[in-house]
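To start, the structure under review is shown below, and the notes come after it.
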Amino acid sequence: MSDLKLHNTLSKSKEGFVALDPAHVRIYVCGPTVYDRAHIGNARPVIVFDVLVRLLRRLYPRVTYVRNITDVDDKINAKAKASGRPIAEITAETTKLFHEDMALLGALPPDIEPRATAHIAQMIAMIQSLIEQGHAYEAEGHVLFHVASMADYGKLSGRSRDEMIAGARVEVAPYKKDAADFVLWKPSTDDLPGWDSPWGRGRPGWHIECSAMSREYLGESFDIHGGGQDLIFPHHENEIAQSECCNHAPFARFWLHNGFLKVGGEKMSKSIGNILSVHQLLGEAPGEAIRFAVLSAHYRQPLDWTDEGLKAAKSALDRLYRALETAPKARAAANVPETVLAALMDDLNTPLAISHLHEVASALNKASDQSEKDRLAGELLAAGALMGLLQNDPKGWLQGAGNEGVSEIEALIEQRIAAKKAKDFALADRIRDDLKAKGILLEDGPGGTSWRKL
RNA sequence: GGCGCGGUGGCGGAGUGGUUACGCAGCGGUCUGCAAAACCGCGUACGCCGGUUCAAUUCCGGCCCGUGCCUCCA
């Protein structure tokens with residue numbers, strides 16, 4: 001029944017999605033390395049794949065969504081050294097903050113969130129198997145994957161081994177048999193985190209954790225693997241190499257990659273100093289507005305993050321919530337509007353889906369019959385739920401979360417109504433202007449005067 | 001150098017071989033004491049040059065511009 005189409009990086013084209021097991025769809029998404037607070041670029045895949053998982057759950061009876069936490073990494077080690085804080089403290093705190101930030105963006109937690117450090121044994125087992133099968137070798141305490149041992153290496157990124165070597169910018173470590181070989185395991189000094197292994201005390205390379213943990217929770221073959229575009233090479237390419245050479249089974253069937261996020265036309269980077277943390281943005285706009293802004297562009301397109309874009313997202317949500325406010329008793333319909341569903345089924349076309357949200361809102365605004373309004377609001381709520389939007393109380397959204405000053409505002413509205421009755425429009429307008437200066441906008445409707453925050 | 005992505009009206013941003021995207025901003029109108037909101041109407045965009053075609057923003061080729069990746073960055 002599913003007409004879901006997804007762009008598969010493996011084929012570089014949109015394909016009809018066919019579940020390996022229609023009774024149980026399995027998806028893995030690369031999660032954060034927990035050494036610093038999440039920035040808006042980290043949030044993009046979380047939001048995008050959250051929508052995908054919500055959609056899959058509507059289409060299939062069972063979905064298992066795995067997103068890992070990388071808690072062993074040289075950036076974490078560097079952070080610990082620089083700050084003097086224990087690694088475990090840094091990773092635990094960063095993980096907690098990540099959860100908080102993502103929850104505020106309306107992203108549901110994954111079903112399973114494995115931590116790399118809790119799966120070292122599985123990684124070691126996989127590395128051993130690769131050595132036994134002739135795909136990996138030990139050299140000076142390192143274990144390296146031998147790229148030449150895999151006939152179809154490079155199928156995801158579309159690079160030949162020779163091209164990679166020709167383009168490499170880093171010096172090749174002397175213990176590598178081949179410049180393209182990559183690390184599965186590396187030795188740790190006493191001051192670095194390490195685990196006992198057949199090759200001495202050490203820690204895993206970057207790619208092996210995803211191979212080991214996806215196999216543990218989703219099996220050797222699963223449906224979808226997602227992440228940021230920059231992970232295509234080397235990370236995902238190497239995951240494929242490790243998993244397929246170890247398991248002799250196709251790894252992920254579909255590879256989905258979200259585009260990059262830019263800030264003011266430039267790449268976000270520490271050197272430019274334009275990293276925008278989610279936490280910081282949450283101080284400027286509600287999480288739902290940030291989510292809406294992210295979904296305003298197609299996930300594979302580059303997204304240029306600007307203040308104007310964030311404001312536009314907030315305005316668009318205001319409009320949708322205003323429409324919902326006219327049908328306060330409406331409840332989410334059982335079915336999502338066909339237009340919205342079709343847009344999402346077409347490779348997660350969220351901008352198109354949002355345009356259909358606006359169309360439903362327009363119809364809602366135009367409807368004169370309350371039961372028709374309720375019906376349309378129900379559709380809007382159902383569509384919003386599928387995208388993780390519009391689940392707030394409309395009145396609460398429009399008037400702001402806090403309740404401070406509400407009684408004062410209401411008293412002034414009463415005064416103004418009395419002034420209007422007495423035809424004292426000068427006073428009525430002054431009250432309205434004073435409130436507007438404080439960011440409170442009054443609107444006279446057929447049902448009386450209402451207010452909202454600007 | 002290799003591989004890839006993008007250039008759509010004032011802005012954001014979909015999409016299509018010939019017919020309205022959508023939202024914001026703007027203009028005119030309805031409503032209103034006046035506003036706001038809502039509704040109605042308006043603006044005739046697809047980087048450049050060729051080619052294919054009855055017809056191209058949409059397909060093909062070239063060019064220009066921007067941008068991403070090329071061993072640990074979502």
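Residue numbering restarts at 1 for every chain, and letters A, B, ... go by the order of the sequence lines.
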Same-atom distance ([atom1]) from [N] to [M], integer angstrom:
{"N": "B/A36", "M": "B/A45", "atom1": "C1'", "result": "31 Å"}
{"N": "B/C5", "M": "B/G62", "atom1": "P", "result": "14 Å"}
{"N": "B/C46", "M": "B/A14", "atom1": "C1'", "result": "12 Å"}
{"N": "B/C60", "M": "B/G18", "atom1": "P", "result": "15 Å"}
{"N": "B/G26", "M": "B/U20", "atom1": "P", "result": "25 Å"}
{"N": "B/A25", "M": "B/G68", "atom1": "P", "result": "32 Å"}
{"N": "B/C27", "M": "B/G61", "atom1": "C1'", "result": "43 Å"}
{"N": "B/U16", "M": "B/C40", "atom1": "C1'", "result": "28 Å"}

(message) I'd like to know if A/K155 pairs up with A/D152 as an ion pair, taking the criterion as any Lys NZ or Arg NE/NH1/NH2 lying under 4.0 Å from an Asp or Glu carboxylate oxygen.
(response) yes
(request) Before accepting this row, confirm whether a basic side-chain N of the pair A/D36/A/K79 lies closer than 4.0 Å to the acidic partner's carboxylate O. (result) yes
From C-beta outward on [X], which listed nucleotide comes closest to its side chain: [options]?
{"X": "A/S355", "options": "B/C22, B/A37, B/A74", "value": "B/C22"}
{"X": "A/L231", "options": "B/U67, B/A74, B/C34", "value": "B/A74"}
{"X": "A/K12", "options": "B/A37, B/G4, B/G33", "value": "B/G4"}
{"X": "A/K176", "options": "B/U71, B/C69, B/G33", "value": "B/U71"}
{"X": "A/K420", "options": "B/G33, B/A74, B/A14", "value": "B/G33"}
{"X": "A/R322", "options": "B/C72, B/G4, B/A37", "value": "B/A37"}
{"X": "A/S362", "options": "B/C72, B/C39, B/G33", "value": "B/C39"}
{"X": "A/D429", "options": "B/A74, B/G33, B/G13", "value": "B/G33"}

Check the distance between [N]'s [atom2] and [X]'s [atom1] and give it to me in whole angstrom.
{"X": "A/K373", "N": "B/A38", "atom1": "NZ", "atom2": "P", "result": "11 Å"}
{"X": "A/H236", "N": "B/C72", "atom1": "NE2", "atom2": "C1'", "result": "12 Å"}
{"X": "A/D346", "N": "B/U16", "atom1": "CG", "atom2": "P", "result": "8 Å"}
{"X": "A/R432", "N": "B/A35", "atom1": "CZ", "atom2": "P", "result": "9 Å"}
{"X": "A/H7", "N": "B/G4", "atom1": "NE2", "atom2": "C1'", "result": "10 Å"}
{"X": "A/I409", "N": "B/A36", "atom1": "CD1", "atom2": "P", "result": "20 Å"}
{"X": "A/F260", "N": "B/G66", "atom1": "CZ", "atom2": "P", "result": "20 Å"}

(message) Which is more 5' along RNA chain B, the nucleotide nearest A/F425 or the one nearest A/P351? Just name the residue.
(response) A/P351
Counting the atoms with a prime plus P, OP1 and OP2 as sugar-phosphate, which does [X] contact under 4.0 Å by heavy atoms, base, sugar-phosphate, or nothing?
{"X": "A/R416", "answer": "base"}
{"X": "A/H39", "answer": "base"}
{"X": "A/Q229", "answer": "nothing"}
{"X": "A/I232", "answer": "nothing"}
{"X": "A/E359", "answer": "sugar-phosphate"}
{"X": "A/L261", "answer": "base"}
{"X": "A/A312", "answer": "nothing"}
{"X": "A/G309", "answer": "nothing"}
{"X": "A/S296", "answer": "sugar-phosphate"}

Looking at [Y], is its backbone amide N or carbonyl O close enough to the side chain of [X] to form a donor-acceptor pair, meaning the two atoms are under 3.5 Å apart?
{"X": "A/D71", "Y": "A/T117", "answer": "yes"}
{"X": "A/K176", "Y": "A/D181", "answer": "yes"}
{"X": "A/T306", "Y": "A/G309", "answer": "yes"}
{"X": "A/R291", "Y": "A/M387", "answer": "yes"}
{"X": "A/T9", "Y": "A/W255", "answer": "yes"}

Return no unless some side-chain N or O of [X] is found under 4.0 Å from OP1 or OP2 of [N].
{"X": "A/N349", "N": "B/G15", "value": "yes"}
{"X": "A/N365", "N": "B/A38", "value": "no"}
{"X": "A/R319", "N": "B/G23", "value": "yes"}
{"X": "A/K366", "N": "B/C40", "value": "yes"}

(message) Please tell me whether A/H236 and A/H207 form a close aromatic pair, meaning their ring centres lie under 6.0 Å apart.
(response) no
(message) Is it the case that B/C34 (base atoms only) and A/D433 (side chain only) share a donor and an acceptor within less than 3.5 Å, ignoring hydrogens and angles?
(response) no
